[in-house]
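Working notes, beginning with the structure itself.
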Amino acid sequence: MTNEQVAEILDQIATILELEDENVFRIRSYERAAEAVRGLGEDLAEIRAGDGGLQSVPGIGEAIAAKIEEILDTGSSAYLDELLAKYPPGFLELLKVPGLGPKRAALVYHELGVESVDELEEACLAERVQELKGMGEKTEQKLLAAIQTYRQGQERALLGEILPVAEGLVAWLRDLDEVLEADYAGSVRRGRETVGDLDLLATSDDPGAVCRAFAASGQLREVELAGETKVSGRLPGGRQVDLRVVEPESWGAALVYFTGSQQHNIRLRERGQDLGLKVNEYGVFAEPEDPGQLQGECVAGETEQSVYEALELAWIPPELREDRGEIQAAEAGELPDLIALEDIRADLHVHTTASDGRQSIEQMAEAARSRGLSIMGVTDHSRTLYVAGGIGLDAIRRQRDEVDSLNERFGDQFHVLLGTEAEITVDGGVDCGEEVFELVDYVIGAIHQGLSSDADRMTARVVRALQTGLIDILAHPTGRLLLQRPPQGLHISEVIDAAVELGVALEINAAYDRLDLSDVHARLAQDRGALLAINTDAHAIEHLDFMRYGVLTARRAWVEAVTVINTWPLSRLREWLQSRR
DNA sequence: GCCGTTTTCGGCCCGACTGTTTTCAGTCG
């Protein structure tokens, strides 16, 4: 049972409790527990066996701990099964239709016997929904439109697909005369690996004008809602976009509010309550002096710093705003000094035409240099990876000569290291013979084949490969492809421990469909004392720009520059590689 | 259901928008 699977069960329980009109705080507890589980780097089984057990996790108490233990032992929850039995199979799908929440889903089920999205559509077309209490003709039409939206699918998109779009829209907004400031917020600003929609924020003395201009701009395929302070619509690809425009004095408060995860925001507001302050998207407000007033004096709001300061907290970087301990750290003045893109000197995982890349070593090196890097490592695939044009000894000899002459030309301006991306074989061997090992400066180990074996065997295979002493960096450790292929069943905790013991650096592969290690795993790795490497795995010049996604993931993992070998100067990097031989 | 330098019981974030309503429920973020 993976943490994600357990989290999904907890979420399902919460969803059905909503249908049952249960106590909202009980529902929130399940939701918070699910999020807490998703934020764990270690497997639940491991935490269960450790000090304090499952209840050491904030948000998991006696009752939910018992349910998680049952899920870990049996693979399911009797409580969930009991709840599910009250509804037809597939009923929960109904709740994915935008605008149809638990109350109305329960209503159409009990009153009309609607059990699925298809049946909901039939009921709407038959004009039976509008006869229900609290429903009407307009609601029915909206539901029909929402069903179409739902069927177009694409619940989430990759960060790397959305971030450039967000930047384009922000630039467009900033160009408007009426706009004072503009930025993107939401999960994009937090740097989450996938995002559901795009949140934009702007300030203006004339919000209505900004909204009208945006709605009429042609940036959106369709406009779903256009008010004086808010515009909702869909991008040409169908992705949802929300723009909110606030007065300048609320800029910071709005940015905080629209950036933080729901749990982070709840924590902030609870903290405000404790301090006698009310926090909302317009500012931080003192208690009203006389009871007649709705709202007290505004004590902060123009900048994010002012909002956090009013809550007696240090400013929290957006990537940390997930309720994963950042508020406690900000209170104690113990926030990490997060790595930044400017800290990166090297990209150590780059392919060329020698295997399956599109450009030569020289072209990739020039491109890396023009991007401000001072070191690049060439790591074409090793021979056994036929499908990617893996190369053998002769080709690596030629690369060695080419790299050496390039370095002569670059002098101390830039340096190319020669590596190899060596295949980890099914038996835990490393496809890197003695002669190749002597020719290269370092070895990246990776698995591309035989991905289907079970977790115990997979873990043993990777650990054995690390123990050969041949590998300096373990590439994309779990092999996941976001929205396509789940991570390997791999006991990541054991792999991390082995990496720490053997001094192997674990990669955060920055390709935005991988981001592997993930944020939670990278955080665990740093906590355990592992070294990390952030590499683009570029197969073409433009892929070198993926570095930002790797850095965002590292920041979400609370990673500091000192942990990441790509931030080291050449002398230190060389020293480290030498010491491993 | 969780949690606690004011509590082991009694609290628990806040607001916008919409459509249906004579004052509010549902949904969303």
Side-chain angles (χ1 to χ4, degrees), chain A residues 10 13-15 17-19 21-36 54-68 79 94-108 129-143 145-146 185-187 190 195-201 207 211 224-232 240-246 250 253-254 256-285 294-295 311 321 323 327 331:
Chain A
L10 295 173
I13 291 176
T15 301
L17 291 178
E18 279 194 286
L19 286 169
D21 203 16
E22 250 288 355
N23 179 312
V24 290
F25 302 110
R26 209 172 150 230
I27 296 166
R28 193 200 286 169
S29 294
Y30 279 98
E31 288 171 345
R32 184 175 178 224
E35 279 308 302
L54 293 171
Q55 289 188 60
S56 63
V57 179
I60 296 178
E62 196 180 340
I64 292 182
K67 290 191 176 68
I68 293 176
Y79 183 56
L94 263 183
L95 293 167
K96 292 185 180 168
V97 176
L100 191 78
K103 295 291 188 297
R104 287 169 173 173
L107 187 69
V108 296
V129 171
Q130 59 175 276
E131 285 157 17
L132 299 175
K133 188 169 173 244
M135 307 286 243
E137 205 177 326
K138 273 199 158 176
T139 308
E140 207 168 58
Q141 292 307 313
K142 282 207 158 187
L143 280 176
S187 49
R190 298 203 305 278
V195 297
D197 58 13
L198 176 50
D199 295 303
L200 302 173
L201 199 59
C211 287
E224 291 172 338
L225 178 159
E228 285 296 295
T229 65
K230 180 175 176 175
V231 178
S232 284
Q240 169 99 27
V241 182
D242 296 314
L243 168 68
R244 287 285 297 255
V245 189
V246 297
S250 295
V256 167
Y257 174 67
F258 289 106
T259 299
S261 75
Q262 188 151 9
Q263 300 299 339
H264 176 87
N265 288 347
I266 288 175
R267 295 280 150 231
L268 284 187
R269 290 170 176 198
E270 283 176 351
R271 186 175 174 85
Q273 281 190 324
D274 290 345
L275 296 167
L277 300 167
K278 188 174 75 172
V279 183
N280 59 30
E281 59 263 55
Y282 302 107
V284 181
F285 299 89
L294 280 174
Q295 197 150 257
L311 296 171
R321 300 180 195 171
D323 188 30
I327 292 175
E331 181 178 25

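Here the structure is a predicted model, which means the values were calculated and not measured. Just so you know, these numbers use all the heavy atoms, side chains as well, and skip hydrogens, waters and symmetry mates. All chains are named by letter (A, B, ...) in the order of the sequence lines, taking the proteins before the strands, and each is independently numbered beginning at 1.
Rounded to an integer number of Å, the gap from CG of A:L201 to C1' of B:dA16 is 14 Å. In this structure, A:Y30 atom OH and B:dG1 atom C1' are separated by 7 Å, rounded to whole Å. Between the C1' atom of B:dC2 and the CG atom of A:L54 lies a distance of 15 Å, rounded to the nearest Å. Taking atom CZ on A:F25 and atom P on B:dC12, their separation rounds to 7 Å, with Å as the unit. What separates CZ of A:R267 from P of B:dC14 is a distance of 13 Å, to the nearest Å.
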Quick test: give all pairs of protein nitrogen or oxygen and nucleotides 5-11 of chain B nitrogen or oxygen below 3.5 Å, distance rounded to 0.1 Å.
none

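The pair A:E31-A:R28 fails the salt-bridge criterion, with no side-chain N (NZ, NE, NH1 or NH2) lying under 4.0 Å from an Asp/Glu carboxylate O.
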Sugar-phosphate or base contact per nucleotide [nucleotides 18-29 of chain B; S, B, -; heavy atom under 4.0 Å] | SSS-----SSSB

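Relative to the side chain of A:N280, the nucleotides B:dA16, B:dC14, B:dC13 differ in distance, and B:dC14 lies closest. Listed candidates were B:dC3, B:dC13, B:dA16. Nearest to the side chain of A:R244 is B:dA16.
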Per-pair distances, 0.1 Å, donor-acceptor, side chain in residues 133-142 of chain A, under 3.5 Å, sequence neighbours excluded:
from: A:E140; atom 1: OE1; to: A:Q130; atom 2: NE2; distance (Å): 2.8
from: A:E140; atom 1: OE2; to: A:V129; atom 2: N; distance (Å): 3.1
from: A:E140; atom 1: OE2; to: A:Q130; atom 2: N; distance (Å): 2.9

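In this structure A:A36 satisfies the side-chain contact (heavy atoms from CB on, under 4.5 Å) test together with A:V57, sequence neighbours excluded. For A:E18, the salt bridge (Lys or Arg N to Asp or Glu O under 4.0 Å) test picks out no residue, with sequence neighbours left out. With sequence neighbours left out, the salt bridge (Lys or Arg N to Asp or Glu O under 4.0 Å) criterion links A:K103 to A:D21.
Glycosidic conformation at B:dT6 (O4'-C1'-N9-C4 for purines, O4'-C1'-N1-C2 for pyrimidines): anti, more than 90° from 0.
Residue contacts for A:V24: at a heavy-atom cut-off of 4.0 Å it reaches no nucleic acid atom on any strand shown.
Rounded to a whole angstrom, the distance from the C1' atom of B:dG29 to that of B:dC13 is 12 Å. Taking atom C1' in both B:dT27 and B:dT20, the straight-line distance is 14 Å, to the nearest Å. To the nearest whole angstrom, the two P atoms, one in B:dG10 and one in B:dG15, are 27 Å apart. Between the P atoms of B:dC17 and B:dC12, the separation comes to 26 Å (whole Å).
Between A:Y282 and A:R28, the residue anchored closer to the 5' end of DNA chain B is A:R28, taking for each the nucleotide with the nearest heavy atom. Heavy-atom distances to DNA chain B give each of A:E270 and A:V57 a nearest nucleotide, and the one nearer the 5′ end belongs to A:V57.
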